[in-house]
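Keep in mind that the numbers below use all heavy atoms, side chains included, and drop hydrogens, waters and symmetry copies. We name chains A, B, ... by the order of the sequence lines, and we start the count at 1 in each one.
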2 protein chains.
Amino acid sequence: MAERVRIVDVASLAGVSTATVSRALSAPETVGPATRKKVMEAVRTTGYRINSAARDLRQRRARSILILAPNLSNTFFSRIFAAIQEEAGAVGLTVQISDSRIGRDKLVSLGYDGRADGIVLLDGNIDPEVVNGWNLPLVQLSEWNESYDAPRLVFDNPAAARLAVDHLADLGHRALLHVSGPAENVLAETRRAGFLEAAAARAVSAEVFDGDFTLAAGAEAARRWAGLAERPTGVFCASDECALGFISECGRLGVSVPRDVSVIGFDDIDFADHFLPALTTIRQPREEMGRQAARMIVAMLEGQGAAAGATGAPIAPELVVRGTTLPACPAAARSEAAAEG
Amino acid sequence: MAERVRIVDVASLAGVSTATVSRALSAPETVGPATRKKVMEAVRTTGYRINSAARDLRQRRARSILILAPNLSNTFFSRIFAAIQEEAGAVGLTVQISDSRIGRDKLVSLGYDGRADGIVLLDGNIDPEVVNGWNLPLVQLSEWNESYDAPRLVFDNPAAARLAVDHLADLGHRALLHVSGPAENVLAETRRAGFLEAAAARAVSAEVFDGDFTLAAGAEAARRWAGLAERPTGVFCASDECALGFISECGRLGVSVPRDVSVIGFDDIDFADHFLPALTTIRQPREEMGRQAARMIVAMLEGQGAAAGATGAPIAPELVVRGTTLPACPAAARSEAAAEG
DNA sequence: TGGTGTGTTGAAATCGATTACATCAAAGCG
DNA sequence: CGCTTTGATGTAATCGATTTCAACACACCA
């Protein structure tokens, strides 16, 4: 429990003023070489470390950014967090994380208490009044909300849905099911809309089940699907977790994927490739997205609002074809009818 | 871009001194009811929010804890993070995350720059000199290191390994394989040692492959296992990811789990239950662990070092039997021998 | 009536850095 | 040689809160 070393201690040991120590550390070229050496030596022997509260107060900034996400334990986010932290850490920024589903008042405070000087927002369901009330640099990532007055970095969800539908239609599936996310979620909305539109364009029949992106929702959807008189043979899930839950429940129901039904997921999480069978899915480059969002925030912090209208093109989707999709087999599709006849 | 409201603004509007405003906010019972009301009113109309840099500086604390983990994108951690954040957020603490594999100098700074007043450490491979040099409340979680002078909250890995071995032995498996984690990792070490000890106690043959907890390592181990003349019929993997990778690769090799080989994982991640077949594994209560670690840190922050020697009993393991383990089938086990004869 | 305690309040010091401004020496220049 | 410029350094103000200490009013009690 050594007493904390302050800048005055370094200054007195080096025989200079605190101003000089401060300068030697943050703008070495402005002090004489001899002085600089003395100061550095004193810093070393005292083991001085800056007190950031003091510096932050004086400089009116926190050297910290905040990541706000609706569910920290969602595995979809972890790689994004890692990328943001890496990118931000490289330029000396601390990274805070917080669940965005805390009380409204706490949420308001986050933008005002001066503990963060930028926010990466992964939640599109916060009251716009709260979000626009923060006057901090802000970027929306993945989820977004038209009412937020901030640049965003989003994935091209409609194009992704089209890719999925085209893939299934190309394989000959004429009846498709989409297991969607929660109704009030933009990602779910745009994927659902994209699905319906693409299905119409390909003239295939389209049905939608509501879900919430989770494994459990996928399993539930599988049970509903199994109870259908006419089972769609192509299923497009709004998340990989959901798709995996669907397939897993199919296994319990004695339905084989992809023989009896083709399933395609969304995200390309790590497990997608190691599931049995490996999941056909739409890849979202999560690491790249996190990295880019971090860079946007950093640019805004430095350029002071420079990137305000910098909402660029959406991130392009990529279809990853693996083992859960197969050409529609007319025989299999009609097996029940055959059994009846 | 409204000018930031300061405490003096509130004070002058309310017609009192800043001291009174400060007291009205942090110790309301010490100011008169009439004054309190005036102040609260002024706070409301001005929209005053405290500047935490100023408060932190004066109070010499940061109201923030830091989570340090060796790999932020590891899905095993996400639920732990969420639990810590929830618990810490409830008592007004901010949560920072950082990868622990940043440079040594940056690591040293973390304990000294005053931005965090407590650390939850999930990495046992940091130089003890660095860790013990921080004079901040610290708790070790999950991973640990004997040289760190700090309380820890750990999982009972030897007992867990015993549980796994006993389960396989009870099912009649006489030859076991353990796919371990990296050599320098305490978790891997203790699981490996527990495995060998338990196998000896049950008089079953035991082999160990090195790995690193990842899906890829599991797949690699499956290939090695498949090349063995005498394949162990019971496999205990040091992580669920590893087990899933093993099973997934088995599928590609035409080997069936659990018919040809029983596999047991470690962690009970969310996917374990939705994998096909569902993974038999050892459960680590990650949420509970995070929550408890957060409470330890909070207690240390309040009680100032009270919980110094509070390293309690290790968390008890729980075996979750699902679909990847089956009784050893002598016929299957000897099928190759039979084919030769 | 005077002394003591109690409850409220304000003035000013304080936390530990950064930085605007002043100072001073040395150098450059006609 | 005197005057300006430049570079290095120190002094002191500043960031915005908290907190110590003193002051004061009032009640209570002997």
First of Ile50(A) and Ala54(B) reached from the 5' end of DNA chain C, by closest nucleotide: Ala54(B)

Nearest-Å distance for atom pair CZ/P, residues Arg61(A) and dG16(D): 15 Å

Heavy-atom pair of closest approach, residues Ile126(A) and Ser100(A): CD1-CB, 4.0 Å

Separation of atom CZ in Arg60(B) from atom P in dG16(D), rounded to whole Å: 21 Å

Charged N-O contact under 4.0 Å between Arg286(B) and Asp270(B): yes

Exceeds 12 heavy-atom contacts within 6.0 angstrom, atom CD of Glu129(A): no

Length of the line joining Arg6(A):CZ and dT18(C):P, which is rounded to integer Å: 14 Å

Rounded distance in Å - CG (Asn51(B)) to P (dA17(D)): 5 Å

Test item: Glu41(A) and Thr45(A) side chains (from C-beta on) under 4.5 Å apart, heavy atoms: yes

Rounded distance (Å) that lies between atom P of dA17(C) and atom CG of Asp113(B): 12 Å

Within-4.5 Å side-chain heavy-atom neighbours: Arg63(A) and Ser52(A): no

Sort me out a list of protein N/O and nucleotides 5-14 of chain D N/O pairs below 3.5 Å, or just none if empty.
residue: dT9(D); atom: OP1; partner: Thr35(A); partner atom: OG1; Å: 2.2
residue: dT9(D); atom: OP2; partner: Gly32(A); partner atom: N; Å: 2.7
residue: dT9(D); atom: OP2; partner: Thr35(A); partner atom: OG1; Å: 3.2
residue: dG10(D); atom: OP2; partner: Ser17(A); partner atom: N; Å: 2.9
residue: dG10(D); atom: OP2; partner: Ser17(A); partner atom: OG; Å: 3.1
residue: dG10(D); atom: OP2; partner: Thr20(A); partner atom: OG1; Å: 2.5
residue: dG10(D); atom: N7; partner: Arg23(A); partner atom: NH2; Å: 2.9
residue: dG10(D); atom: O6; partner: Arg23(A); partner atom: NH1; Å: 3.3
residue: dT14(D); atom: O2; partner: Arg58(A); partner atom: NH1; Å: 2.8

Note, Glu86(A) side chain near Asp99(B) side chain (heavy atom, < 4.5 Å): no

Pair Arg49(A) + Asp105(B), salt bridge at N-O below 4.0 Å: yes

Nearest heavy atoms of Ser64(B) and Gln96(B), plus distance in Å: OG-NE2, 2.9 Å

For atom OH of Tyr48(B) and atom P of dT18(D), their distance in whole Å: 6 Å

Contact under 4.0 Å: Gln59(B) side-chain N or O vs dT19(D) OP1/OP2: yes

So which protein N/O to nucleotides 22-25 of chain C N/O distances come out below 3.5 Å?
none

Value in whole Å for how far the C1' atom of dA17(C) lies from CG of Asp56(B): 14 Å

Euclidean distance, atom CZ of residue Arg49(B) to atom C1' of dG16(D) [Å, nearest integer]: 17 Å

Beyond-backbone contact of Leu141(B) with Phe77(B), side-chain heavy atoms, under 4.5 angstrom: no

